[in-house]
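It should be emphasised that the depicted structure is a prediction, and the values quoted were computed from it without experimental measurement. Order of the sequence lines fixes the chain letters, A, B, ..., with proteins taken first and strands second; residue numbering starts at 1 for each chain.
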Amino acid sequence: MSAKKENRIRAPRGTSDYLPDRAASIHRLDRLAGEVFSNYGYQRIITPTFEDTALFTRSIGEASDIVRKEMYTFEDRGGRSLTLRPEATAPVVRAFIEHNLGSQSLPVKLYYFSNMFRYERPQAGRFREFWQLGVEALGSPEPSLDAEVITLAADFLRALDIREGLMKIGSMGDENCRPQYTLILQKYLEEKRDSFCPDCGERLKFNPLRVFDCKNSECQKALADAPKMIDYLCDECRDHFDGVGRLLKEVGIEFSIDPMLVRGFDYYTRTTFEIQSSQLGAQNALGGGGRYDRLVSDYGGKPTPAVGFALGIERLLAALKAEENVDLSTPRKIDVFLIVIDNEHRDQAFKLAIELRRIGLSAEVDYMNRSTRSQMKLADKMGAEYALILGPDEMARGEVVMRNLSTGEERPEKLSSVADKLGKIKGFE
RNA sequence: GUGGUUGUAGCUCAGUUGGUUAGAGCGCUGGACUGUGGCUCCGGAGGCCGGGGGUUCGAAUCCCCUCAGCCACCCCA
């Protein structure tokens, strides 16, 4: 019967089955997000699971690891190169342009809750298929929009009762100040090259900002005196950055300015932020995001400044579990369990169960020909509030026994009206 | 892609220096209680010891390969 283990097909590496408990937790996160986000005026958007490969190669950056080696890219039967989405900002921007959403009143505020795919070596908090919850607000360059998005992220964590999240904020500058700064940084790094690890030697050639991300303690030491983007912002970027910080203070968001904060995607401009948790392990970012004022126009849309973020669902769940503040699990509870004593009443039990379900009650029956005793045990295990016992004597009189399983009280009820009666007790009609 | 570490029942894990029919707890299931749950007690099912190859009279145990989990690098949510 059971297939030999060697032939058994398993879930692909880095993916997992989310069994009922975990699936329910994810569903609850999804619903809670819907509530919090809609208070902030964000509407849900669902984009395709796969996109034209070029969409990602252009936005994320040709040099990034995601594009170079982590994309699930395939050719379909029509010869198109497609890629399972590794992130959602590019698809949302694509949809924004494709459907001309910029013609609506701005900003357009969208959120998503969807699965992403990256071909990476699995690790704590890192999987090949994973879920992200995120928002994109398109159409305004105002610092208040940055502050809103950051506050939304913080408020959502607060709603979850995640307390260990540290909000870090930085700025990448814009096309006026970043290129100059990059040269200055590069020069500094070249001069101190000997103080850095070989990896950083590579980084400083094509992506010098990445050096700030290095975990090598020698590198970190050498970086202490390095020039920081924050100190080289042009006046406009400086004002913008200060504005974001000021607004966050106004609404009581705790944050720290991190001059070393670097984010992975090429498209970021000005504000970047990341929420880190001490509960997580090496992959410690619960989420992150930033402003991307150039992305829409880079794709051929009307110049549209925008800002967004994404949270990692599996990481939120891991943090919740580690903090033990909130229990997302929902123990199974049903309203009624129908107990059949004589097999000839099975059909009536089936009909009654359907009737109860149709008026809004959760009802269960035994499908395994269990003894009365075992059915009672099952009813108890399922957390049933009532048991309806279809005994032959009562059935002969057109009655069933209704037993309250928490008090043990029981009394006969008319078979024809017991569903209505239970419906009323439970507040249905 | 690189490195470390671990694979024994659905789950968590024991398994002595290689030695007969591979164990426990939980879970599942049946019964003690012939029509009534939670507690307790007794029974049962469920494993080619991740897979393949090798050493040996004999391998869950030793060796090699491979796959997978976990952790870290890299990178990122």
Side-chain angles (χ1 to χ4, degrees), chain A residues 1-16 19 21 60-61 63-70 86-89 114-134 153 197-200 202-203 207 210 213-216 262-265 274-277 280-289 309-319 337 339-342 345 368-395 400-410:
Chain A
M1 189 62 205
S2 67
K4 280 189 176 176
K5 274 192 180 172
E6 57 188 295
N7 297 329
R8 242 180 257 171
I9 295 174
R10 288 182 285 193
R13 182 158 210 203
T15 68
S16 49
L19 300 178
D21 271 354
I60 297 172
S64 75
D65 273 33
I66 289 187
V67 169
R68 290 211 328 261
K69 50 192 188 194
E70 295 176 5
E87 61 101 36
T89 299
S114 40
N115 47 352
M116 306 295 159
F117 307 85
R118 292 181 199 171
Y119 188 85
E120 296 184 276
R121 190 84 177 261
Q123 183 185 333
R126 198 174 76 179
F127 313 98
R128 290 185 173 181
E129 180 183 19
F130 59 100
W131 290 75
Q132 280 191 345
L133 167 64
C197 67
D199 280 344
C200 286
E202 282 303 305
R203 288 188 183 103
N207 206 346
R210 277 251 154 261
D213 251 357
C214 187
K215 287 176 182 167
N216 185 305
V262 183
R263 306 263 328 143
F265 302 140
E274 192 167 296
I275 304 164
Q276 297 174 0
S277 169
L280 286 187
Q283 310 300 322
N284 66 350
L286 286 170
F309 74 80
L311 295 166
I313 296 303
E314 289 81 0
R315 293 185 188 177
L316 289 178
L317 290 176
F337 193 99
I339 289 172
V340 176
I341 289 174
D342 193 320
H345 298 124
M368 304 301 291
N369 262 306
R370 274 178 253 253
S371 66
T372 305
R373 194 184 146 70
S374 293
Q375 291 182 63
M376 283 299 290
K377 284 188 176 181
L378 196 55
D380 186 62
K381 198 173 60 188
M382 287 185 175
E385 207 171 328
Y386 292 94
L388 287 184
I389 302 157
L390 282 64
D393 298 345
E394 292 86 350
M395 289 297 279
V400 297
V401 174
M402 181 167 104
R403 180 180 176 91
N404 181 320
L405 288 176
S406 46
T407 65
E409 256 176 88
E410 62 181 44

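Scanning both residues, R315(A) and G125(A), for their nearest heavy atoms gives NE-O, 2.8 Å. The heavy-atom pair separating A318(A) from L280(A) by the smallest distance is CB-CD2, 3.8 Å.
Comparing rG1(B), rC71(B), rC75(B) against the side chain of Y119(A) picks out rG1(B) as the nearest. Of the listed nucleotides (rA68(B), rG31(B), rC75(B)), rC75(B) has the atom at the smallest distance from the side chain of K215(A). The side chain of E120(A) has rA77(B) as its nearest neighbour among rU36(B), rA77(B), rA68(B). Distances were taken from every side-chain heavy atom of V401(A) (C-beta onward) to each of rA72(B), rG35(B), rC74(B); the shortest belongs to rG35(B).
Spacing of C1' atoms, rG23(B) relative to rG47(B), comes out at 11 Å, to the nearest Å. Distance check on atom C1': rG50(B) versus rC57(B) gives 28 Å, rounded to whole Å. The gap from the P atom of rG58(B) to that of rU21(B) amounts to 14 Å, rounded to the nearest Å. Remark: the separation of the C1' atoms in rU29(B) and rC70(B) is 33 Å, to the nearest Å. rG37(B) and rG46(B) are spaced 26 Å apart, taking the C1' atom of each and rounding to whole Å. Taking atom C1' on both rU8(B) and rG51(B), the two are 14 Å apart, rounded to the nearest angstrom. Taking the P atoms as reference points, rU17(B) lies 28 Å from rG54(B), given to the whole Å. Taking the P atom of each, rA60(B) and rG3(B) are spaced 30 Å apart, rounded to whole Å.
Across all strands shown, R118(A) has heavy atoms under 4.0 Å from base atoms, whether or not it also approaches the sugar-phosphate. Among the protein residues, D342(A) comes within range of no part of the nucleic acid, since none of its heavy atoms lies under 4.0 Å from any strand. Among the atoms of the strands shown, only primed sugar atoms or phosphate atoms (P, OP1, OP2) are found under 4.0 Å from some heavy atom of A285(A). Residue G134(A) is out of contact with every strand shown, counting any heavy-atom pair closer than 4.0 Å. As judged by a 4.0 angstrom heavy-atom cut-off over every strand, G14(A) is placed among residues touching the sugar-phosphate backbone only. Nucleic acid contact for F127(A): base, since at least one base atom lies under 4.0 Å from a heavy atom of the residue. Here G287(A) lies in heavy-atom contact (under 4.0 Å) with sugar-phosphate atoms only. Across all strands shown, L286(A) has heavy atoms under 4.0 Å from sugar-phosphate atoms exclusively, and none from any base.
Judged by Watson-Crick or G-U wobble contacts below 3.5 Å, the nucleotide rA68(B) has rU6(B) as its partner. rU21(B) makes up no base pair with any nucleotide shown, lacking Watson-Crick or G-U wobble contacts both under 3.5 Å. Base-pair partner of rA14(B): not found among the strands shown (Watson-Crick or G-U wobble, both distances under 3.5 Å). Across all strands shown, rG1(B) is found opposite rC73(B) as a Watson-Crick or G-U wobble partner, with both distances under 3.5 Å.
Partner T372(A) forms a side chain to side chain contact (heavy atoms under 4.5 Å, CB included) with one of I389(A), V340(A), D342(A), I339(A) and no other, that one being I339(A).
When rounded to the nearest whole Å, the span between CG of L378(A) and C1' of rG30(B) equals 14 Å. When rounded to the nearest whole Å, the span between CG of L388(A) and P of rU36(B) equals 17 Å.
A donor N or O paired with an acceptor N or O is found under 3.5 Å between the base of rG35(B) and the side-chain atoms of E394(A). Residue side chain R126(A) does not reach the base of rA77(B) through any donor-acceptor N/O pair under 3.5 Å, judged by distance alone. Judged by atom type and distance alone, Q123(A) reaches the base of rC74(B) through a side-chain donor-acceptor pair under 3.5 Å. You'll find a donor-acceptor pair under 3.5 Å spanning the side chain of E410(A) and the base of rU36(B), going by distance alone. Contact annotation: side chain of R403(A) to base of rG37(B), donor-acceptor pair present below 3.5 Å.
Nearest-nucleotide mapping onto RNA chain B: of I313(A) and Q283(A), the residue sitting toward the 5' end is Q283(A). Summary of the strand contacts: A124(A) and I275(A) both lie near RNA chain B, and taking for each the nucleotide with the nearest heavy atom, the more 5' one is attributed to A124(A).
Considering only side-chain N and O atoms, R373(A) lies nowhere under 4.0 angstrom from the phosphate OP1 or OP2 of rG31(B). For S371(A) and rG35(B), the shortest distance from a side-chain N or O to OP1 or OP2 is not below 4.0 Å. OP1 or OP2 of rU29(B) lies within a sub-4.0 Å distance of a side-chain N or O belonging to K381(A). Checking the phosphate oxygens (OP1, OP2) of rU29(B), a side-chain nitrogen or oxygen of R370(A) falls inside 4.0 Å.
In this structure, the separation between CH2 on W131(A) and CG on L311(A) is 15.0 Å, given to the nearest 0.5 Å.
Salt bridge status for R403(A) with E410(A): present, with a side-chain N to carboxylate O gap under 4.0 Å.
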